[in-house]
2 protein chains.
Amino acid sequence: MPRSQPRPEELPGALPPVPSEHPSPSARSTKESLLDAAERLFAARGFEGTSLRAVTQAAGQSVSAAHYHFGGKRGLLRATLERRLRPVVEGRLRMLDALEARGTAPRVEEVLEAFLRPTFGGGAEAAGARARFVAARLFSDPPELVGPLIRELFGEVHRRFLDALEAALPPGTARREIELGFRMVVGATVQLLGAQPPREGTEPWPAVPEELVPRLVRFTAAGLRALAAAEQAR
Amino acid sequence: MPRSQPRPEELPGALPPVPSEHPSPSARSTKESLLDAAERLFAARGFEGTSLRAVTQAAGQSVSAAHYHFGGKRGLLRATLERRLRPVVEGRLRMLDALEARGTAPRVEEVLEAFLRPTFGGGAEAAGARARFVAARLFSDPPELVGPLIRELFGEVHRRFLDALEAALPPGTARREIELGFRMVVGATVQLLGAQPPREGTEPWPAVPEELVPRLVRFTAAGLRALAAAEQAR
DNA sequence: GTATGTTTGAAACGGTTGTTCGAATCAATC
DNA sequence: GATTGATTCGAACAACCGTTTCAAACATAC
């Protein structure tokens with residue numbers, strides 16, 4: 001019975017999914033139009049608050065197309081998140097690599113800039129602003145779906161940046177103190193990422209990356225140094 | 001036709017709703033059991049991700065009870081948020097009042113402590129930890145519902161704390177710089193509030209208010225001062 | 001008791017949800 | 001031109017959604 005069902009996305013452990021050997025150009029545009037619409041709607045109304053039909057309708061596609069390409073609604077969210085997060089992660093690691101390949105030890109500000117700059121990457125244009133929708137979603141959408149993705153994408157990054165901060169801060173600073181400070185860095189970043197949220201009902205707070213990143217670096221570097229100094233003085 | 005429909009919650013502009021002149025003790029426990037269940041479930045799965053039936057079932061009540069007491073699902077969310085946010089707002093204002101009633105001008109750290117302490121109020125016990133669920137929800141649930149509530153509850157608070165910070169920081173610091181810094185304060189706070197989120201699927205990050213508040217004050221005070229100093233040097 | 005207004009319960013309403021199915025369409029290969 | 005596999009579409013599925021309805025149960029005042 002040749003009931004073949006060739007889902008492009010991962011099946012459990014079957015033969016390699018044959019990832020679209022010949023992806024027709026229309027298939028590419030179908031996938032991307034779905035991702036674009038999903039990104040916009042998930043950002044505005046959240047995952048549970050957005051119906052698959054709303055996405056496909058906005059994309060001008062059929063519901064079954066979404067299932068065919070992404071395996072369902074959850075797969076669509078995952079793909080949407082991954083598309084925007086992957087470049088951020090890669091940018092962070094690349095900048096940190098460059099920093100550590102240099103001879104002299106990196107300063108706290110440099111490590112933080114390597115972490116923050118790719119977050120606001122892509123300039124101030126629409127694509128960059130849109131890309132930042134993920135921040136809000138990361139902390140609100142189904143944890144059993146987003147949680148593993150965060151660990152998979154950000155696990156190595158967080159470890160490496162914690163190490164780099166430990167090396168840049170005064171020696172003897174407790175690891176837990178650094179972890180706590182790093183969480184605050186992330187928090188401040190996420191909050192400013194939402195400065196231009198593509199959320200309906202919230203008026204944007206005009207800000208461009210060129211303005212935000214230096215402030216963020218200045219603020220968080222001083223914060224981390226203060227934590228280390230207080231630890232030192234004890 | 002005496003088809004009376006005495007909703008305890010607000011009707012548009014009709015006569016005062018007669019807010020339960022004789023609230024039977026069972027009615028109180030009904031409302032509170034609903035609020036407790038709603039709080040737990042909304043925190044874990046979000047507003048749209050939680051069905052009203054799941055809430056009423058967990059509370060051991062009927063669906064109509066929720067509609068009767070809160071006017072529907074949205075009213076239930078609003079009541080849930082309000083119950084936890086109101087004390088925080090009042091605590092912040094009270095501490096700021098006390099600070100300003102004193103003779104000497106408050107320091108940055110004191111203003112920040114007045115802002116942060118009530119946020120982590122209630123100690124480390126379950127009620128306090130549970131109360132913090134709101135932070136996550138505030139930035140993810142339907143903006144057209146939560147947005148007005150935020151402005152209503154936090155509008156005055158934010159304005160007053162911005163003024164207090166402006167007075168405590170070196171004179172001449174640009175207002176926008178302070179607003180930006182304040183957003184980072186909020187971001188760092190929210191992030192640490194989620195240190196023990198009652199979210200399924202995310203392992204908690206053990207931390208108690210006594211440990212977090214001083215770190216938060218230290219970190220953000222240094223950050224704000226750094227922003228002001230850079231502004232000064234220009 | 002009766003009367004009055006508040007609170008609960010069970011069932012049903014219309015509408016929407018994510019997903020599945022089977023046939024139709026398309027592009028490329030033999 | 002037939003075969004093969006990838007893609008698209010519309011229709012249908014069962015399950016669930018928030019809300020409403022109506023009657024029973026309740027407490028309190030007369």
Side-chain angles (χ1 to χ4, degrees), chain A residues 1-9 11 15-34 38 41-42 45-57 59-78 141-142 145, chain B residues 1-9 11 15-34 37-38 41-42 45-78 141-142 145:
Chain A
M1 207 66 76
R3 181 76 52 82
S4 71
Q5 189 127 353
R7 286 270 170 65
E9 298 309 315
L11 300 188
L15 37 148
V18 191
S20 274
E21 192 69 39
H22 307 292
S24 70
S26 80
R28 256 189 64 82
S29 89
T30 299
K31 285 181 83 165
E32 286 192 0
S33 71
L34 280 172
L41 289 172
F42 285 159
R45 301 201 243 278
F47 177 71
E48 320 263 15
T50 304
S51 75
L52 190 54
R53 279 168 175 82
V55 174
T56 57
Q57 203 163 325
Q61 304 292 340
S62 66
V63 261
S64 21
H67 266 90
Y68 177 76
H69 285 289
F70 302 102
K73 195 188 178 190
R74 301 162 71 95
L76 185 55
L77 173 64
R78 190 189 165 90
D141 276 329
L145 172 58
Chain B
M1 209 63 76
R3 181 74 52 80
S4 71
Q5 189 126 353
R7 286 268 171 64
E9 299 308 317
L11 301 188
L15 36 148
V18 192
S20 274
E21 194 68 40
H22 306 292
S24 70
S26 80
R28 258 189 65 81
S29 89
T30 299
K31 284 182 83 164
E32 287 192 359
S33 71
L34 280 171
L41 288 172
F42 285 158
R45 302 201 241 279
F47 177 71
E48 319 263 16
T50 304
S51 75
L52 191 55
R53 281 171 173 82
V55 173
T56 57
Q57 203 164 322
Q61 304 292 340
S62 66
V63 260
S64 26
H67 266 89
Y68 176 77
H69 286 288
F70 302 103
K73 195 189 178 188
R74 301 162 73 96
L76 185 56
L77 173 63
R78 190 189 165 90
D141 275 330
L145 171 59

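We use all heavy atoms of the structure for the numbers below, so side chains are in, but hydrogens, waters and symmetry mates are not. Letters A, B, ... are given to chains in the order of the sequence lines, protein chains preceding strands, and every chain is numbered from 1.
Which of D:dT19, D:dT21, D:dA11 sits closest to the side chain of B:V63 comes down to D:dT19.
Using a 4.0 Å heavy-atom cutoff across all strands shown, A:T50 reaches sugar-phosphate atoms only and no base atom.
Phosphate contact (OP1/OP2 of C:dT8, side-chain N/O of B:H69, threshold under 4.0 Å): present. A close approach under 4.0 Å does not occur between any side-chain nitrogen or oxygen of B:T30 and OP1 or OP2 of C:dT7. Contact between the side-chain N/O atoms of A:Q61 and the OP1/OP2 oxygens of D:dC9 is found at a separation under 4.0 Å. The shortest distance between the side-chain N/O atoms of B:S51 and the OP1/OP2 oxygens of D:dC17 is below 4.0 Å.
As a whole-Å value, the separation of B:E48 CD from D:dC17 C1' is 11 Å. Atom OH of B:Y68 and atom P of D:dC22 are 17 Å apart (whole Å). When the P atom of D:dA12 is taken as reference, atom CG of A:L52 falls 19 Å away, rounded to whole Å. Taking atom CG of A:L41 as the reference point, atom P of C:dG18 lies 12 Å away to the nearest angstrom. Atom C1' of nucleotide D:dC17 and atom CZ of A:R53 are separated by 14 Å, given to the nearest angstrom. Rounded to whole angstrom, the span from the CZ atom of B:F70 across to the C1' atom of D:dG18 amounts to 16 Å. The CG atom of A:L76 sits 15 Å away from the P atom of C:dT17 (whole-angstrom rounding). Computed from coordinates, the B:H67 NE2 to C:dT6 C1' distance equals 18 Å when rounded to whole Å.
In the interface, the side chain of A:S62 is not paired with the base of D:dG10 through any donor and acceptor atom under 3.5 Å apart.
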Is there a side-chain contact (heavy atoms from CB on, under 4.5 Å) between B:L52 and B:H67 once you walk through the steps? CA-CA 10 Å; B:L52 191 55; B:H67 266 89; 3.5 Å; yes
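In this structure a side-chain-to-backbone donor-acceptor pair under 3.5 Å is missing from A:T56 to A:S62. In this structure a side-chain-to-backbone donor-acceptor pair under 3.5 Å is present from A:K73 to A:T50.
Rounding to the nearest 0.5 angstrom, the gap separating the CD atom in A:Q61 from the NE2 atom in A:H69 is 7.5 Å.
For A:E48, the side chain to side chain contact (heavy atoms under 4.5 Å, CB included) partners are A:P142, B:E48, not counting sequence neighbours.
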